[in-house]
Amino acid sequence: MNTYSGIWPVAPTPFNEDGTLDLDGMKRVLDCLIDQGADGICVLANYSEQFLISDAEREVLARLSVEHVAGRVPVIVTISHFATQIAVERARFAKDLGADIVMIMPPYHGALLKGTPEQSFEQFAAVGEVGIPIMVQDAPLSGVDLPVDLLVRMAREIEAVKLFKIECPRAANKIRALIAQGGAAIEGPFDGEEAITLLADLDAGATGTMTSGMIVDQIKPVLTRYHAGDVSGATEAYGRVAMAINHENRQCGWQSCKAAMVEGGVIASEFCRHPIAPLHPAIRARLIDLLRPLDPLVLRWGR
């Protein structure tokens, strides 16, 4: 199997009710993810609410995460920024901390400032000079198109580009084309979007998935069975969790993991900073109702 494989969840960022970082809660989040069977952990990603966190807080959270995980699993630190210089600085900081991988979206800012293919290549090449493996995040949030030809060029010409998190519409088609055109240069094709398209993406050749941290232990059997050749078993395992994943993806977003972690005593608050509104009580109740029959570790980890 590929070196880069399995389930690598995004760690949520817990806040106290007054909006300050809950650093003890962050340690519990990381421990809970490892206990769920995470093969790696990503911090400071979109599902970590990176757009609601200050630069100083990013450094605190990155340092805490790498030090607390302490090599138990690889840690990916997200470093996306429109300015190449700042992305490079963030990559150096992550490398110096001892992070294993950095994840980066192409340069964008708002709806109108979007990197061209050449500017995106140049930014990834500059980050590549830092000398830490890179996961390219191909996400709709950036609004930047990353054609397969460009991704293959990155894989072939930038030594550090190793992994690809493909979570654009019809991800399976792109993963399949990426592997067909890139061959051995595509070392770690992953999907994202809470694994809502996981079966199709595995069929296309994905070696791993980057989900939320909600039900890692329930999604992991899909990958282990699939990669062991038990496709029907993987399909059955996915059927168990599909409704919960759908509700998370379409109704809750990153707040689903926080709600489940509060329910299971992992963290004390599911607070999200303004302007994010709390989950509607009915949406939250439906989430927990969908999770309980699965008996996921998250609902009993802290109880």
Side-chain angles (χ1 to χ4, degrees), residues 1-2 4-14 25-49 65 68-69 71-76 78 100-101 103 135 163 165 167 188 190-199 201-202 206-228 233-234 236-249 252-267 270 287-288 290-303:
M1 271 185 61
N2 198 291
Y4 301 116
S5 61
I7 182 165
W8 297 50
V10 172
T13 301
M26 187 70 209
K27 294 176 184 177
R28 291 170 62 82
V29 164
L30 297 168
D31 290 338
C32 179
L33 295 179
I34 291 170
D35 288 350
Q36 286 186 61
D39 296 299
I41 295 174
C42 181
V43 298
L44 300 178
N46 297 328
Y47 261 42
S48 313
E49 302 170 69
S65 297
H68 187 71
V69 171
R72 288 178 285 171
V73 297
V75 174
I76 298 180
T78 308
D100 299 276
I101 300 165
M103 183 168 76
M135 173 180 266
L163 299 101
K165 183 186 180 187
E167 47 187 348
F190 276 51
D191 77 353
E193 276 210 303
E194 301 75 76
I196 198 166
T197 57
L198 181 57
L199 287 179
D201 298 336
L202 288 171
T207 61
T209 185
M210 186 175 286
T211 64
S212 82
M214 185 173 71
I215 50 169
V216 174
D217 58 323
Q218 304 297 307
I219 298 174
K220 186 169 182 173
V222 180
L223 287 97
T224 53
R225 291 177 188 179
Y226 192 97
H227 288 136
E236 181 182 355
Y238 190 79
R240 286 189 69 247
V241 298
M243 287 177 64
I245 291 173
N246 178 274
H247 189 75
E248 175 182 40
N249 179 269
C252 305
W254 69 82
Q255 292 168 280
S256 57
C257 182
K258 289 180 134 178
M261 286 188 167
V262 165
E263 203 72 17
V266 183
I267 56 177
E270 54 201 271
L287 174 72
I288 303 304
L290 289 170
L291 291 179
R292 287 205 188 283
L294 304 177
D295 190 31
L297 180 62
V298 71
L299 291 186
R300 45 191 166 81
W301 187 88
R303 299 297 182 196

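Contact record, R303 with E263: NH2-O, 2.7 Å, taken as the closest heavy-atom pair. The minimum heavy-atom distance between A11 and L30, with the atom names listed, is CB-CD2, 4.2 Å. Here the closest heavy-atom approach between residue P9 and residue G40 is recorded as CD-O, 3.1 Å. In terms of heavy-atom proximity, P12 sits nearest to K258 at CB-CG, 4.1 Å. Residue I288 comes nearest to A259 through the heavy atom pair CD1-O, 4.4 Å, listed as atom of the first residue, atom of the second, then distance. Closest approach of A38 and I41 over heavy atoms only: CB-CG1, 4.3 Å.
Y238 contributes a side-chain N or O that, together with a main-chain N or O of I196, makes up a donor-acceptor pair within less than 3.5 Å. With hydrogens and angles ignored, the 3.5 Å screen pairs no side-chain donor or acceptor of D39 with any backbone N or O of W8. In this structure, R28 contributes its side chain and I267 its backbone to no donor-acceptor pair below 3.5 Å.
Taking the side chain to side chain contact (heavy atoms under 4.5 Å, CB included) definition, one finds that R240 meets it with Q218, L294, sequence neighbours left out. N249 pairs by the side-chain hydrogen bond (donor to acceptor under 3.5 Å, both in side chains) definition with E194, not counting sequence neighbours. Applying the side-chain hydrogen bond (donor to acceptor under 3.5 Å, both in side chains) criterion to S65, with sequence neighbours excluded, gives no partner residue. Looking at residues two or more places apart in sequence or on another chain, you find a side chain to side chain contact (heavy atoms under 4.5 Å, CB included) between T13 and F15, L21, S48, I53, L61. A search for side chain to side chain contact (heavy atoms under 4.5 Å, CB included) contacts involving L297 returns D35, Q36, D217, R300, W301, not counting sequence neighbours. Partners of N46 by side chain to side chain contact (heavy atoms under 4.5 Å, CB included), not counting sequence neighbours, listed by chain and number: Q50, F51, M105, Q137, L141.
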TODO: Dump the intermediate steps for side-chain contact (heavy atoms from CB on, under 4.5 Å) on E248 and L291, then the final yes or no.
DONE: CA-CA 10 Å; E248 175 182 40; L291 291 179; over 6 Å; no
TODO: Take L33 and M261 through the test side-chain contact (heavy atoms from CB on, under 4.5 Å) and record every step on the way to the result.
DONE: CA-CA 11 Å; L33 295 179; M261 286 188 167; 4.1 Å; yes
Open item on the list: For V222 and L202: C-alpha separation, side-chain torsions, deciding distance, then whether side-chain contact (heavy atoms from CB on, under 4.5 Å) applies.
Closed with: CA-CA 10 Å; V222 180; L202 288 171; 4.2 Å; yes
TODO: Applying side-chain contact (heavy atoms from CB on, under 4.5 Å), run through M210 and M103 and close with a yes or a no.
DONE: CA-CA 11 Å; M210 186 175 286; M103 183 168 76; 3.9 Å; yes
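How far CD of E193 is from NZ of K165: 9.0 Å, rounded to the nearest 0.5 Å. To the nearest 0.5 angstrom, W254 atom CH2 is 13.5 Å from E270 atom CD. Atom SG of C252 sits about 9.0 Å away from atom CG of L290, to the nearest 0.5 Å. We find the CG-CE distance between L287 and M243 to be 11.5 Å, quoted to the nearest 0.5 Å.
At least one side-chain heavy atom of I245 sits under 4.5 Å from a side-chain heavy atom of I219. Counting only heavy atoms from C-beta outward, the side chains of L198 and L223 approach each other to under 4.5 Å. The closest side-chain heavy-atom distance from T78 to V10 is not below 4.5 Å. Within the 4.5 Å cutoff, the side chain of D191 has heavy atoms near those of the T197 side chain.
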